[in-house]
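Beneath this line is the structure, given in structure tokens, with notes to follow.
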Amino acid sequence: MRSTDSVAGMHRPTVERLTIGLFLAVSVTAFETLAVATVLPTISEKFHGDRLYGATFVGYMLANLVSLVVAGERADRTGLRRPFLWASASFTVGLVVAGVAPSMWVILAGRALQGAGTGVFTSLSYVAVRRAYPESRQPRMYAIVSTAWVLPSLIAPFAAGWLTDRFGWRWVFIGLVPITLL
């Protein structure tokens with residue numbers, strides 16, 4: 001029988017940090033996904049990018065799907081740390097690329113990088129829960145990871161609109177960089 005101070009051999013502070021980290025990673029990517037959907041019409045209008053409007057979503061989703069599959073396999077080979085660092089870098093670079101984009105093509109490239117990072121985060125969150133928590137706690141952890149979409153769903157569209165009106169659409173991307181670095 002396991003002590004209440006450990007989960008899968010980890011001490012309580014480590015488990016708490018993992019839980020918080022998973023929640024924050026999913027929350028940031030959820031916020032970005034919903035915020036971009038709100039400001040993309042403004043971006044498309046600025047760059048006369050109607051032809052690439054749909055591609056920015058497809059590029060994101062395709063990169064997300066491919067990285068989701070690859071990340072699971074990588075995590076099995078190398079552990080969680082390397083794929084997590086790669087995901088953080090890809091997502092953050094994608095935010096910067098989109099935030100400084102001079103054209104819709106560059107927005108598309110930034111969105112693909114963000115999608116790749118998000119796919120890895122998604123895959124790793126499930127792998128981490130499976131590895132770090134006993135079977136009895138896994139459903140609860142999957143619920144916690146899923147609820148990380150709730151607050152972004154409520155505030156991301158409003159926050160993105162406000163940021164765009166107040167400071168410009170670029171801040172929807174750039175504003176998340178410090179949070180992802182955290």
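Just the heavy atoms: all of them, side chains too, but no hydrogens, waters or symmetry mates, feed the values below.
Pairing each heavy atom of Ala30 with each of Ala148, the nearest pair is CB-O, 4.3 Å. The minimum heavy-atom distance linking Pro152 with Ser27 is given by the pair CG-O, 3.5 Å. Here the closest non-hydrogen pair linking Leu108 and Gly59 is CD1-CA, 4.3 Å. Across all non-hydrogen atoms, the minimal contact from Val100 to Arg170 is C-NH1, 3.2 Å. Taking every heavy atom of both residues into account, Leu68 and Gly119 meet most closely at CD1-O, 3.4 Å. Residue Thr38 comes nearest to Ala160 through the heavy atom pair CB-CB, 4.1 Å, listed as atom of the first residue, atom of the second, then distance.
By the rule that hydrophobic residues join a cluster once side-chain heavy atoms approach within less than 4.5 Å of another member, Leu181 and Val120 end up as members of one cluster. Both Phe23 and Val145 belong to a common hydrophobic cluster when Ile, Leu, Val, Met, Phe, Trp and Tyr are linked at side-chain heavy-atom distances under 4.5 angstrom. One hydrophobic cluster holds both Leu34 and Val26 under the rule that ILVMFWY side chains link at heavy-atom gaps under 4.5 Å. Ile179 and Ile174 fall within the same hydrophobic cluster, where Ile, Leu, Val, Met, Phe, Trp and Tyr residues are linked whenever their side-chain heavy atoms come under 4.5 Å apart, directly or through other members.
Looking at residues two or more places apart in sequence or on another chain, you find a side-chain contact (heavy atoms from CB on, under 4.5 Å) between Leu163 and Phe167, Trp171, Val172. Tyr142 is linked by a ring-ring contact (aromatic ring centres under 6.0 Å, His included) to Tyr126, counting only residues two or more places apart in sequence or in another chain. Partners of Thr92 by side chain to side chain donor-acceptor pair (under 3.5 Å), not counting sequence neighbours, listed by chain and number: Thr180. Partners of Arg81 under the salt bridge (Lys or Arg N to Asp or Glu O under 4.0 Å) rule, at least two apart in sequence or in another chain, do not exist in this structure. Every residue meeting the salt bridge (Lys or Arg N to Asp or Glu O under 4.0 Å) condition with Asp76, not counting sequence neighbours, appears here in chain and number order: Arg131.
Applying the side chain to side chain donor-acceptor pair (under 3.5 Å) test to residues at least two apart or on different chains, none of the pairs has a partner in residues 145-159. The list of ring-ring contact (aromatic ring centres under 6.0 Å, His included) pairs with a residue in residues 34-70, not counting sequence neighbours, reads Phe47-Trp169, Tyr53-Phe57. Among residue pairs with one or both ends in residues 24-41, those qualifying as salt bridge (Lys or Arg N to Asp or Glu O under 4.0 Å) are Glu32-Arg111; sequence neighbours excluded. Every pair passing ring-ring contact (aromatic ring centres under 6.0 Å, His included) that includes a residue from residues 74-120 is listed here, sequence neighbours excluded: Phe84-Phe121.
No side-chain heavy atom of Leu22 sits under 4.5 Å from any side-chain heavy atom of Ile144. The closest side-chain heavy-atom distance from Phe173 to Gln114 is below 4.5 Å. Taking the side chain as every heavy atom from C-beta outward, Pro83 and Thr78 approach each other to under 4.5 Å.
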Going by atom type alone, with no hydrogens or angles, which donor-acceptor pairs under 3.5 Å involve a side-chain atom of residues 39-46 and a protein atom two or more places apart or on another chain?
residue: Ser44; atom: OG; partner: Gly49; partner atom: O; Å: 3.4
residue: Ser44; atom: OG; partner: Asp50; partner atom: N; Å: 3.4
residue: Ser44; atom: OG; partner: Asp50; partner atom: OD1; Å: 3.1

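Counting side-chain heavy-atom gaps under 4.5 Å among Ile, Leu, Val, Met, Phe, Trp and Tyr, the cluster of Val93 also holds Val97, Val106, Leu113. Through direct or relayed side-chain contacts under 4.5 Å between Ile, Leu, Val, Met, Phe, Trp and Tyr, Ile20 connects to Leu24.
A side-chain donor-acceptor contact under 3.5 Å links Ser123 to the backbone of Gly72. Distance alone, capped at 3.5 Å, is enough to place a donor-acceptor pair between the Ser67 side chain and the Asn64 backbone.
Applying the side chain to side chain contact (heavy atoms under 4.5 Å, CB included) test between Leu80 and each of Leu18, Leu124, Leu85 identifies Leu124 as the sole match.
Rounding to the nearest 0.5 angstrom, the gap separating the CG atom in Leu65 from the OG1 atom in Thr118 is 13.0 Å. Rounding to the nearest 0.5 angstrom, the gap separating the CZ atom in Arg74 from the CZ atom in Arg82 is 8.5 Å.
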Given Phe31 and Leu176, is the side-chain contact (heavy atoms from CB on, under 4.5 Å) satisfied, shown in steps? CA-CA 9 Å; Phe31 185 91; Leu176 288 175; 3.8 Å; yes
